[in-house]
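Working notes for the structure below.
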Amino acid sequence: MNKKRTQKLSKRSRVIVSGLILAFLIVGLDHRVLVVNYPIRDARITSPVRIAFVSDLHSCSYGEDQIRLTRLIDASKPDVLLLGGDIVDDGLSEKKAWEFLEWAGKNYPTYYVTGNHELWIDDFDRVIEQIRDYGITVMAGDQAELSFNGQRIDLYGIDDPEIRKLFDDNEWYRQLDNASRQVDPEIYSVLLSHRPERYQMYSGFDLILSGHAHGGQWRLPKLLNGLFAPNQGLFPQYAGGLYDFGSYRMIVSRGLARESTLIPRFYNRPEYVVIDLLPIEK
């Protein structure tokens, strides 16, 4: 092979490799919202219930009046909307969070628990009052009996552990204990709790809905299920997905944070979660 042909092949190889690297980066930095559906079957469910679960919005923008997010929720036609904390960010402008929350309260029965970032806002009481003003139920160790399509489910919600800033170190445990004592094993129970890493404490409930981990920020299909998550550190075990612990399950949303994070998401698209509670197939 002559020298000129070798140079041409070498140049072509560099172009191909550069193109593949560019494509790899473009796909990895895709930040469009991904809709993820989890069907959950249980003998106590006799009529289907659809839950919309949104976590870790962090006041980020999804278009004018948050239309790119709200359209996805409307399209899924949920019975109830559950918010898993860190909807309002303590660093970014709150405007986009309020746009979303105002829409949520007007359109769906909506239930909310705090994340750590709401609790880091200096005038936290103002934030909670405004959320309630939109018709959203804020839960803090409470129970709500929900009925949709003739099907009852019991919803419980607890604050993020950073609630200790306003009370004491035991407040989170008091809330969890208060919720746990109200569980009726005959009724399907759902717990809203921002922190997935405390999963071992949630065993009295049937389904846990959490966020906080942001999908581990960087992911690689079949190789890396998360590089780093708050309170879990490197290579977090519970960064996003469905986890089955035998007597109960936990769904961890990868959340919707984008411009609020210092490091961009990589192969980790923002996520809106839909959960279908279904009867057992006969």
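Among residues two or more places apart in sequence or in another chain, the side-chain contact (heavy atoms from CB on, under 4.5 Å) test is passed with R249 by I40, L207, L242, D244. Remark: E145 engages R152 in a salt bridge (Lys or Arg N to Asp or Glu O under 4.0 Å) (not counting sequence neighbours). Considering only residues two or more places apart in sequence or on other chains, Y243 meets the ring pair (Phe, Tyr, Trp, His ring centres under 6.0 Å) condition with Y238. Applying the salt bridge (Lys or Arg N to Asp or Glu O under 4.0 Å) rule to R181 yields the partners D177; only residues at least two apart in sequence or on another chain are considered. Residues that satisfy the side-chain contact (heavy atoms from CB on, under 4.5 Å) test with K95, not counting sequence neighbours, are S93, E99. By the side-chain contact (heavy atoms from CB on, under 4.5 Å) test, N231 pairs with R195, E197, H212, sequence neighbours left out. With sequence neighbours excluded, the residues satisfying side-chain contact (heavy atoms from CB on, under 4.5 Å) with L72 are V33, V35, Y272. With sequence neighbours excluded, no residue forms a salt bridge (Lys or Arg N to Asp or Glu O under 4.0 Å) with D125.
Rounded to the nearest 0.5 Å, atoms CG (L256) and OG (S55) are 8.0 Å apart. Once rounded to the nearest 0.5 Å, the distance linking CD1 of I87 with CG of L101 reads 6.5 Å. To the nearest 0.5 Å, atoms NE2 (H194) and CD (E118) are separated by 7.5 Å. Interatomic distance, CG of L82 versus CE of M139, reported as 9.0 Å (0.5 Å rounding). The OG atom of S260 sits 5.5 Å away from atom CG of L92, with the distance rounded to the nearest 0.5 Å. Between the CD atom of Q143 and the OG atom of S180 there is a distance of 11.5 Å, given to the nearest 0.5 Å.
Closest approach of D56 and G211 over heavy atoms only: OD2-CA, 3.4 Å. In terms of heavy-atom proximity, Q232 sits nearest to P196 at NE2-CG, 3.8 Å. When all heavy atoms of I208 and S210 are compared, the closest pair comes out as CG2-OG, 3.8 Å. Of all non-hydrogen atoms in R219 and Y267, the two that sit nearest each other are O-CB, 2.9 Å.
A distance-only check finds a donor-acceptor pair linking the side chain of W218 to the backbone of P264 [under 3.5 Å]. In this structure a side-chain-to-backbone donor-acceptor pair under 3.5 Å is missing from Q217 to F266. T261 contributes a side-chain N or O that, together with a main-chain N or O of R258, makes up a donor-acceptor pair within less than 3.5 Å. S189 contributes no side-chain N or O that, together with a main-chain N or O of D154, makes up a donor-acceptor pair within less than 3.5 Å. Looking at T114, its side chain does come within 3.5 Å of a backbone N or O of D160 through a donor-acceptor pair. Judged purely by atom type and a 3.5 angstrom limit, S59 uses its side chain to pair as donor or acceptor with the backbone of D89. When atom types are taken as modelled, the side chain of E271 and the backbone of G215 share no donor-acceptor pair closer than 3.5 angstrom. Side-chain atoms of K96 come within 3.5 Å of backbone N or O of G63 as a donor-acceptor pair.
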Next item on the list: Kindly determine whether Q182 and D142 satisfy side-chain contact (heavy atoms from CB on, under 4.5 Å), including the steps that lead there.
Entry: CA-CA 9 Å; Q182 298 178 72; D142 309 309; 6.0 Å; no
*Starting from the C-alpha separation in whole Å, work towards a yes-or-no answer on side-chain contact (heavy atoms from CB on, under 4.5 Å) for I153 and I45.*
CA-CA 8 Å; I153 61 171; I45 304 297; 4.2 Å; yes
Pair Y199, Y202 - check ring pair (Phe, Tyr, Trp, His ring centres under 6.0 Å), show working. CA-CA 5 Å; Y199 69 96; Y202 303 147; 8.0 Å; no
Audit row: I121, R126, side-chain contact (heavy atoms from CB on, under 4.5 Å) steps and yes/no
CA-CA 9 Å; I121 297 172; R126 169 192 60 83; 4.1 Å; yes
Kindly indicate, with the supporting measurements, whether the criterion side-chain contact (heavy atoms from CB on, under 4.5 Å) is fulfilled by I275 and I251. CA-CA 9 Å; I275 300 127; I251 292 172; 3.7 Å; yes
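One hydrophobic cluster, built from ILVMFWY side chains closer than 4.5 Å, cannot hold both L278 and I187; they sit in different ones. With hydrophobic clusters built from ILVMFWY side chains whose heavy atoms lie under 4.5 angstrom apart, V273 does not share a cluster with L57. In the hydrophobic cluster analysis, where Ile, Leu, Val, Met, Phe, Trp and Tyr join through side-chain heavy atoms closer than 4.5 angstrom, I67 is grouped apart from L69. Residue W103 is grouped with residue V54 when hydrophobic side chains (ILVMFWY) are merged at heavy-atom distances under 4.5 angstrom, including chains of intermediate members. Side-chain heavy atoms closer than 4.5 Å link hydrophobic residues (I, L, V, M, F, W, Y) into clusters, and following such links, possibly through other members, connects L209 to L34.
Under the ring pair (Phe, Tyr, Trp, His ring centres under 6.0 Å) criterion, the residue pairs touching residues 47-87 are H58-H117, H58-H214, with sequence neighbours excluded. For the side-chain hydrogen bond (donor to acceptor under 3.5 Å, both in side chains) condition, the pairs that include at least one residue of residues 37-53, sequence neighbours left out, are N37-D276, R41-E281, D42-R44, R44-D206, T46-Q151, R50-D276. For residues 60-87, no pair satisfies salt bridge (charged side-chain N to carboxylate O under 4.0 Å, His left out), with sequence neighbours left out. A ring pair (Phe, Tyr, Trp, His ring centres under 6.0 Å) check over residues 123-172, counting only residues at least two apart or in different chains, returns the pairs Y156-F205.
Under 3.5 Å, the side chains of W98 and E94 contain a donor-acceptor pair of N or O atoms.
Salt bridge E171/R174: present, at least one basic N to carboxylate O contact under 4.0 Å. Electrostatic pairing of E162 and R164 counts as a salt bridge here, judged by a charged N lying under 4.0 Å from a carboxylate O.
No more than 12 heavy-atom neighbours from other residues, nucleotides or ligands sit within 6.0 angstrom of NZ on K106.
At least one side-chain heavy atom of M201 sits less than 4.5 Å from a side-chain heavy atom of Y173. Considering only heavy atoms from C-beta on, L176 stays 4.5 Å or farther from N178 through its side chain. Within the 4.5 Å cutoff, the side chain of V138 has heavy atoms near those of the I131 side chain. The closest side-chain heavy-atom distance from Y111 to L83 is not below 4.5 Å. Y108 has its side chain out of reach of V80: every pair of non-hydrogen atoms, C-beta onward, lies at least 4.5 Å apart. Residues Y188 and V49 fail the side-chain proximity criterion, which asks for heavy atoms closer than 4.5 Å. No side-chain heavy atom of V274 sits less than 4.5 Å from a side-chain heavy atom of I51. At a threshold of 4.5 Å between non-hydrogen side-chain atoms, the residues V113 and D159 do not count as touching.
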